[in-house]
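Quick note on labels: first sequence line is chain A, next is B, and so on, each numbered from 1.
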Amino acid sequence: MGEKKALKNVRGTKDILPEDSFKWQHIETKVREIFDLYNYKEIRTPIFEETELFARGIGELTDIVSKEMYTFEDKGGTKLTLKPEMTASVMRAYIQYEINKKVPLFKVYYISPMFRQERPQAGRLRQFHQIGAEAIGSVNPEVDAEIISLTLHIIDSFGVKNFLLKINSVGCQKCRPKYKVVLRDYLKNFYDSLSEESKRRFEYNPLRILDSKDESDRKIVQNAPKILDYLCNECDAHFKELLTYLDVLGISYEVDAHLVRGLDYYTKTAFEVLSKELGSQDAIAGGGRYDMLSSLIGGPDIPGVGFALGVERLLIILEKNNYSFGQDKKPFIFIASVGSKAKLHSLNIAQKLRKRYIPCEVDLLNRSLKSQMKEANRQGSRYVVIIGESEMEKDVCLVRDMNSGEQIEVSLGKIVEYIVDKYAEEITKN
RNA sequence: GUGAGUAUAGCUCAACUGGUCAGAGCGCCAGGUUGUGGCCCUGGAGGUUGCGGGUUCGAGCCCCGCUACUCACCCCA
């Protein structure tokens, strides 16, 4: 029984190894620049919250809450949940710190892992990452327009081309209930032909039937009454104004009356950005307005609108299009040494170079010089500093230019300054 | 949660109807260069063919179970 079970990452999670982490860093820095352009500040909330926040905010009956959350009790018996989405957390913080009393419009962004216990597949993980933003405090459609424009700006900045913006309005507490009645009336006639899932939804959330992928459902829904025809004056005006803004901004979209959201808190604007390059999970980003959320979780009446983008899904598209993530960082210098006395010098020089902020790698494995050279080459070092027995006698070291293969002697006392100059040269060249 | 497909060295994959079929390329290590990388040549390490049963003279190849992965449903980013 000496064999221990091989440990591995849990289902639906992914390790981001060094060969990929620089891609994530690339995406993150790029996206932060764009958020700066729109004056959104970063917010970081805890990875878990009290379960009640999501249960009340997202809705007890939604799929996310009813079957996809990672919920557990801590040792004090408090029910906690790994966040399945970010908006509820941001709103919780907004209410908690009474931000409505401090700023008129709270504009924040986040880059964070989320957790949902679904069956993993292409573009769907149990721990996945979202880049998103929320603008809380205004009912104006200008804000919806800014969020949408921001979403597309990010997608566009990575050169993603084949995407489609779908947009709809899902109404509000006033008009949606009325539409639900009309929709149920219509669907009632086809009830027996509905899919099992849709039958279940008939009572508590008939809107979800509209975006069913089931063939028979789709046919039925095709001629269903459209929510856009049943919006109250306020929602209708909001939607029309938003479309006007999008037109002015040169943003093309497709109004899709069947687009709905799986979270209860959405009101008015709902949108999704779809990509054909994604396969089954084709939404790269989604979002909308959530004027009911604050009151659902016990706060004052506070409107908001936001979006979230799936980082893994963005990566799938970028990899497919051979997107250039740029070069990973390389050490400028590799210090090779032969012998224990030379090793002391090499460690010392490495430390001095690093204190001067010059990326530097030094042999730690006492391998043959050949191996060290190979390693330096593999890592893409610009120069290799070589310290061996014969150099030690003359109090010098060799500096090898890895591009030209040229090699010169530099005295040990001057090597640090020599490299500092070379580095400065290299920096100004680029 | 439901369905289908896949499961061979670190990676990508071979192995005709079950009979030297356990291999290649890449990567790694070493040698060719008694202290010097990238190219080339040579050699080496590394797999009880996911796990457990069964059929058979004989199974990586057929059957059953389990597990994992993948894709789709579902859900959504």
Side-chain angles (χ1 to χ4, degrees), chain A residues 3 5-6 8-12 14 17 19 58 62-69 84-87 110-132 151 154-155 195-198 200-201 208 211-215 217 259-263 270-275 278-288 306-317 334 336-339 342 363 365 367-381 383-392 398-407:
Chain A
E3 284 295 308
K5 181 179 117 192
K8 51 175 305 203
N9 62 311
V10 335
R11 187 162 152 82
K14 224 161 207 158
L17 300 176
E19 65 207 61
I58 299 172
T62 60
D63 291 278
I64 290 178
V65 173
S66 65
K67 49 195 196 203
E68 293 173 5
M69 295 205 305
E85 61 106 36
M86 191 72 178
T87 309
Y110 57 85
I111 301 174
S112 172
M114 307 292 163
F115 306 85
R116 293 183 201 171
Q117 189 162 1
E118 301 179 87
R119 191 85 166 243
Q121 70 181 72
R124 189 170 74 189
L125 294 169
R126 290 183 170 185
Q127 175 176 341
F128 60 103
H129 299 78
Q130 287 187 334
I131 290 169
T151 307
I154 289 172
I155 292 170
S195 66
E196 289 309 306
E197 193 60 39
S198 292
R200 222 167 313 137
R201 289 195 168 119
R208 288 296 314 284
D211 75 340
S212 168
K213 284 185 187 171
D214 183 90
E215 268 306 317
D217 285 356
L259 176 66
V260 296
R261 307 268 68 194
L263 293 73
F271 70 92
E272 259 177 29
V273 182
L274 309 177
S275 168
L278 278 176
S280 177
Q281 307 302 312
D282 61 354
I284 181 175
F307 85 93
L309 174 144
V311 181
E312 283 84 356
R313 291 183 185 181
L314 175 62
L315 268 166
I316 289 173
I317 296 174
F334 187 101
S337 63
V338 180
D363 175 72
L365 303 175
R367 300 208 289 171
S368 68
L369 182 58
K370 186 188 174 92
S371 300
Q372 294 183 51
M373 294 303 294
K374 243 181 153 167
E375 190 58 31
N377 182 60
R378 198 183 352 246
Q379 296 189 12
S381 304
Y383 294 94
V384 175
V385 172
I386 302 167
I387 314 172
E389 304 295 343
S390 52
E391 286 78 34
M392 299 284 298
L398 302 171
V399 177
R400 183 180 178 87
D401 181 324
M402 291 298 272
N403 291 349
S404 66
E406 282 164 29
Q407 211 163 272

Worksheet item: If you measure from the P atom in B:G32 to the same atom in B:G38, how many Å do you get, rounded?
Response: 13 Å

Worksheet item: What string of B, S and - do you get for nucleotides 71-77 of chain B, 5' to 3', when a contact is any protein heavy atom under 4.0 Å?
Response: SBBBBBB

Discussion item. What contact category does A:Ile131 fall into here, base, sugar-phosphate, or nothing, at under 4.0 angstrom with non-hydrogen atoms?
Written reply: nothing

Response to the item:
Taken in chain and number order and not counting sequence neighbours, the residues that satisfy side chain to side chain contact (heavy atoms under 4.5 Å, CB included) with A:Leu125 are A:Lys14, A:Phe128, A:Glu312

Item to complete: Mark yes or no for a side-chain to base donor-acceptor pair under 3.5 Å between A:Gln407 and B:U36, with no hydrogen or angle criteria applied.
Response: yes

Worksheet item: What's the CD-P distance between A:Gln379 and B:C28, to the nearest Å?
Response: 12 Å

Worksheet item: How far, in whole Å, is B:C62 from B:G18 if one measures between their P atoms?
Response: 9 Å

Worksheet item: Listed by chain and number, what are the salt bridge (Lys or Arg N to Asp or Glu O under 4.0 Å) partners of A:Glu375, not counting sequence neighbours?
Response: A:Arg367, A:Arg378

Fill in: Contacts of type salt bridge (Lys or Arg N to Asp or Glu O under 4.0 Å), residue A:Arg200, not counting sequence neighbours
A:Glu197

Discussion item. Within the structure provided, determine whether A:Leu398 and A:Val385 are in side-chain contact (heavy-atom separation under 4.5 Å).
Written reply: no

Practice prompt. Examine distances only and state if a side-chain atom of A:Arg400 and a backbone atom of A:Ile386 form a donor-acceptor pair shorter than 3.5 Å.
Written response: no

Fill in: For A:Arg261, all residues meeting salt bridge (Lys or Arg N to Asp or Glu O under 4.0 Å), sequence neighbours excluded
A:Glu272

Discussion item. Could you work out, with side chain to side chain contact (heavy atoms under 4.5 Å, CB included) as the rule, every residue matching A:Gln127, not counting sequence neighbours?
Written reply: A:Thr13, A:Pro113, A:Phe115, A:His129

Worksheet, complete the sentence: A:Arg367 CZ to B:G31 P, in whole Å, measures 11 Å

Fill in: Nearest-Å distance once atom C1' is located in both B:C73 and B:G54
34 Å

Discussion item. If the condition is ring pair (Phe, Tyr, Trp, His ring centres under 6.0 Å), which residues does A:Tyr383 pass it with, not counting sequence neighbours?
Written reply: A:Phe332

Worksheet entry | Pairing stems for RNA chain B [at least three consecutive pairs; Watson-Crick or G-U; under 3.5 angstrom] | B:1-7 with B:67-73, B:10-13 with B:23-26, B:28-32 with B:40-44, B:50-54 with B:62-66

Fill in: B:C57 and B:A45, which share atom name C1', separated by this distance in whole Å
36 Å

Can you check nucleotides 37-41 of chain B for protein contacts, nitrogen or oxygen pairs under 3.5 Å, and list what you find?
residue: B:G37; atom: O2'; partner: A:Asn377; partner atom: ND2; Å: 3.2
residue: B:G37; atom: N7; partner: A:Arg400; partner atom: NE; Å: 3.4
residue: B:G37; atom: N7; partner: A:Arg400; partner atom: NH2; Å: 2.7
residue: B:G37; atom: O6; partner: A:Arg400; partner atom: NH2; Å: 3.0
residue: B:G37; atom: N1; partner: A:Met402; partner atom: O; Å: 2.7
residue: B:G37; atom: N2; partner: A:Asn377; partner atom: OD1; Å: 3.0
residue: B:G37; atom: N2; partner: A:Met402; partner atom: O; Å: 2.9
residue: B:G37; atom: N3; partner: A:Asn377; partner atom: OD1; Å: 3.2
residue: B:G38; atom: O4'; partner: A:Asn377; partner atom: ND2; Å: 3.2

Worksheet item: Mind checking the C1' distance from B:G43 to B:U6? Whole angstroms is fine.
Response: 36 Å

Fill in: Non-neighbouring partners of A:Ser275 that pass side chain to side chain contact (heavy atoms under 4.5 Å, CB included), sequence neighbours left out
A:Glu277, A:Leu278, A:Ile317

Worksheet item: Could you give the distance from CG (A:Leu263) to OG1 (A:Thr87), rounded to the nearest 0.5 Å?
Response: 7.5 Å

Discussion item. Using atom C1' in both nucleotides, what's the gap between B:A24 and B:U8 to the nearest angstrom?
Written reply: 13 Å

Item to complete: For A:Lys67, check salt bridge (Lys or Arg N to Asp or Glu O under 4.0 Å) against everything at least two apart and list the hits.
Response: A:Asp63

Worksheet item: So, is A:Ser371 close to the B:A30 phosphate, meaning a side-chain N or O under 4.0 Å from OP1 or OP2?
Response: yes

Discussion item. Test of understanding: with side chain to side chain contact (heavy atoms under 4.5 Å, CB included), list the residues that count as partners of A:Asp217, not counting sequence neighbours.
Written reply: A:Leu194, A:Ser195, A:Ser198, A:Ser212, A:Asp214

Practice prompt. Sticking with atom P, work out how far B:C28 lies from B:C69, rounded to a whole angstrom.
Written response: 29 Å

Worksheet item: With a non-hydrogen cut-off below 4.0 angstrom, is A:Gln117 in contact with a base, only sugar-phosphate, or nothing?
Response: nothing

Worksheet item: Can you tell me how far C1' in B:A7 sits from the matching atom in B:C66, rounded to whole Å?
Response: 13 Å

